[in-house]
Amino acid sequence: MIETIAKLAQVAPTFSAMENGNTIHQYFEQNKEAEGVVIVFDKKPVGILMRNDFYQKIGSQFGYALYMNREVTLLMKSDLTCVDKSCDMAKLGFIAMSRNQDSIYDFIVILENENYAGVVNIREFLIEMSKTKEREIKLLNAQQDILKQTNEAEKRHRLEIEQKNAAIKNLLDHAGQGFLFFGSDLLISEEYSRECDSIFGFSVGGQYFLAVLQNFIDNDTVMMMQDVFKSVFDNQNTTKDKVFLSVLPTEIKINDRYIKTEYKVIPHQAGKSIMMIMTDITQKKALELKNAEEKNNIKLIVRAISSKSEIIQAIEELQGFIEHDVVALLDNNQSPQLILQYVFRIVHTMKGDFALNGLHYTSAGLHLLEDALSEMQKNIETITTDEIRALIVQIDCNQLLEQDIKIITEALGSQYFEKEDRVTVSQQRLAEIKNKITAVFQNDEQAAVLKLFHSLFQVNLKDLIKDYNDYVKTLADWFGKDIGDIIISGDDIYINRDRYAAFMKSLVHVFRNMADHGIEDPDERDCAGKPEAGKITCELKNEGHQFVLSLADDGGGIDLEVIEKKVLEKQIYSAAEFAQLTCEQKLTTIFMDNFSTRDSVDLYSGRGVGLAAVHAEIGKLGGKIKIDTEVGQYTRFSFVVPYEQQ
């Protein structure tokens, strides 16, 4: 608060400019302590007369006779120093000290609305200024003492922090893990553990975090991580932070080393930062891969013993498809776009079929073939038959199958593929036998024999569904989920394996979809009040002319908002067109080619081909698909399939 001179204002006697010197003399004689008077005219100050100046003038030669009986204007100083009463102390001090030395102790006249309002006694002013300065000095000294104490405390705290940081850094440097920190600008702090340099192969301090990681992960993941970090730093809810961080990759391959990654939010006074913890799990990963390889090999051997015909059939179908079917398509002047989509769909289904039968190396090889076909699809409008042919002729089926066949033959001997425990009969011969049965037998006897005849080519649907059990559990392990055995109920339905083989194989995509998209993570299920283990059910119903195969999961359901987002993103429909669709029509978009809600592709899903393959196979049989779903509760696929004529 600025102090004004109002507090120093004094009342000094005033005399009219018409008074003579005797009047002033009498006043000074009667008031020995008075230092001066103010001369006014019509309430306005026109001069001052200080005691010393008065007596100097009347005491001079002829002064008494000259001034005593004449107007006081001859004695007064008309060169006044006047200030308004609102003038502050500092300004007054500057004005007072800037005057002529002969007038330095003269009154300063205070005005209010330009009228006389009092005077400031310079001696009183200097005393007040001295007191103020003394107070300021005391305050400054006190502040200096506080500052000195604070500085000493800050030095002690800084030393303690440096000692603690050194101890923590020493601990981190010898923990065998990488620790680094970054704030909302995503710049890595210079305080990080020495192991980080070893992991990345260069110094990371001060560098942009995502620029460091983009050398080891794809661009889509980089963009996703950028969105996650923005959400974390914009969010004020600590509970949501954990949810955001949970979608970040938990494992990254850096310079041939497998690194487990964890992220933690570190709150502090200035806001928050994120700590990344990196643990080298290369040896552990190698052991896990070796164990997984051994487990897969054992599963393959068991599968080879129990399902020899299915494995041999899958191998023959792959060889026939690559070496004959695709070549025939290419030679028949079919549309290259249709050929590419067909090949892509069949390869995707075969990949699932080989994985189902335990031939994991072949499945992985087909995944690489899918990658090449996927790249072609990016230019599907301009693709040519010659480009597709050039890719197909490079495929070596023997090389694709080599590793899996080696595992089988080493365990079961080379005769596994040489000796077939089956009889080959042509379709014509089968028709002749059937005709003979109908000609020789009548009524119930004919029905019994025909039933026996048909049973040679039939298999119970329940047995085929059971074959997917191990496959679903493998998927569950891959996706970090817990899924129990498939629960199968309903009628026993016997079908011709050959007639329905393609459709039954395509169901691998449905089960994969349930394990990937349908069943939630154990933590999500727990938060939703569900058992941690997901449930998949299969219900079969024989309706005479057709049968219904219903596959359901108790997962998160299909969110139409997610579907709409992907539909618009892929420009399948416009927003207006999608809004006009019925709920059932909106759901059926998941069966379209290249449609997937996944943002990335892995060995198991993300191609947007699987459900399209199911739709194509059910269409070939003249059947249809119904979808029933409730967000957060379940999804059910009901396949209505015409029964073969017996």
Side-chain angles (χ1 to χ4, degrees), residues 303 306-321 324-325 345-346 349-350 352-354 356-357 420-441 444-469 471 486 488-511 538-551 613-626 637-646:
R303 184 76 178 181
S306 63
S307 305
K308 177 178 180 179
S309 60
E310 286 86 348
I311 288 178
I312 292 176
Q313 184 180 3
I315 291 173
E316 289 175 350
E317 286 179 354
L318 173 62
Q319 292 171 329
F321 179 72
H324 303 291
D325 297 354
R345 187 182 299 134
I346 297 299
T349 299
M350 283 186 170
D353 190 31
F354 276 98
L356 176 64
N357 284 301
E420 293 289 344
D421 185 19
R422 58 182 178 176
V423 177
T424 302
V425 182
S426 69
Q427 291 290 338
Q428 181 181 352
R429 181 58 181 152
L430 288 174
E432 291 173 357
I433 295 173
K434 184 176 179 181
N435 290 334
K436 193 166 186 177
I437 292 173
T438 56
V440 173
F441 297 96
D444 292 343
E445 192 175 16
Q446 182 191 89
V449 176
L450 282 175
K451 183 177 180 181
L452 179 61
F453 174 77
H454 287 301
S455 69
L456 297 174
F457 317 106
Q458 292 181 328
V459 63
N460 193 332
L461 259 180
K462 290 181 179 179
D463 293 331
L464 296 181
I465 296 297
K466 286 178 184 176
D467 287 342
Y468 283 102
N469 217 39
Y471 179 67
I486 300 171
I488 305 172
S489 63
D491 300 330
D492 288 317
I493 297 176
Y494 292 88
I495 60 172
N496 184 307
R497 183 192 296 273
D498 291 338
R499 173 173 168 75
Y500 294 98
F503 166 65
M504 292 305 300
K505 287 180 180 179
S506 74
L507 292 181
V508 70
H509 306 303
V510 179
F511 286 109
C538 171
E539 184 177 4
L540 298 167
K541 187 176 182 182
N542 190 340
E543 296 183 346
H545 63 290
Q546 64 185 21
F547 63 87
V548 181
L549 189 162
S550 295
L551 298 176
V614 182
H615 189 264
E617 294 303 333
I618 193 77
K620 291 177 184 178
L621 294 172
K624 57 185 177 180
I625 307 173
K626 296 179 181 178
F637 295 90
S638 295
F639 302 94
V640 182
V641 188
Y643 220 137
E644 61 185 329
Q645 294 299 313
Q646 295 289 326

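Computed from heavy atoms alone, side chains included, the values below leave out hydrogens, waters and symmetry copies.
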Find out whether [X] and [Y] are in side-chain contact, i.e. whether some heavy atom of one side chain is under 4.5 Å from a heavy atom of the other.
{"X": "Ile488", "Y": "Lys466", "value": "yes"}
{"X": "Leu464", "Y": "Ile495", "value": "yes"}
{"X": "Leu540", "Y": "Val548", "value": "no"}

Nearest heavy-atom neighbours spanning [X] and [Y]:
{"X": "Pro642", "Y": "Gly622", "result": "CG-O, 3.5 Å"}
{"X": "Phe639", "Y": "Val614", "result": "CE2-CG1, 3.6 Å"}
{"X": "Val510", "Y": "Phe637", "result": "CG1-CD1, 4.0 Å"}

How far does [atom1] of [X] sit from [atom2] of [Y], to the nearest 0.5 angstrom?
{"X": "Phe511", "Y": "Ile465", "atom1": "CZ", "atom2": "CD1", "answer": "4.5 Å"}
{"X": "Lys462", "Y": "Asp491", "atom1": "NZ", "atom2": "CG", "answer": "7.0 Å"}
{"X": "Tyr500", "Y": "Leu461", "atom1": "OH", "atom2": "CG", "answer": "9.0 Å"}
{"X": "Phe547", "Y": "Ile493", "atom1": "CZ", "atom2": "CD1", "answer": "6.0 Å"}
{"X": "Lys624", "Y": "Gln546", "atom1": "NZ", "atom2": "CD", "answer": "7.0 Å"}
{"X": "Met504", "Y": "Leu549", "atom1": "CE", "atom2": "CG", "answer": "6.0 Å"}

No-hydrogen, no-angle side-chain donor-acceptor test under 3.5 Å, Ser506 and Thr349: no

Parallel, tilted or perpendicular, as decided by the 30° and 60° cut-offs, for the rings of Tyr471 and Tyr468: perpendicular

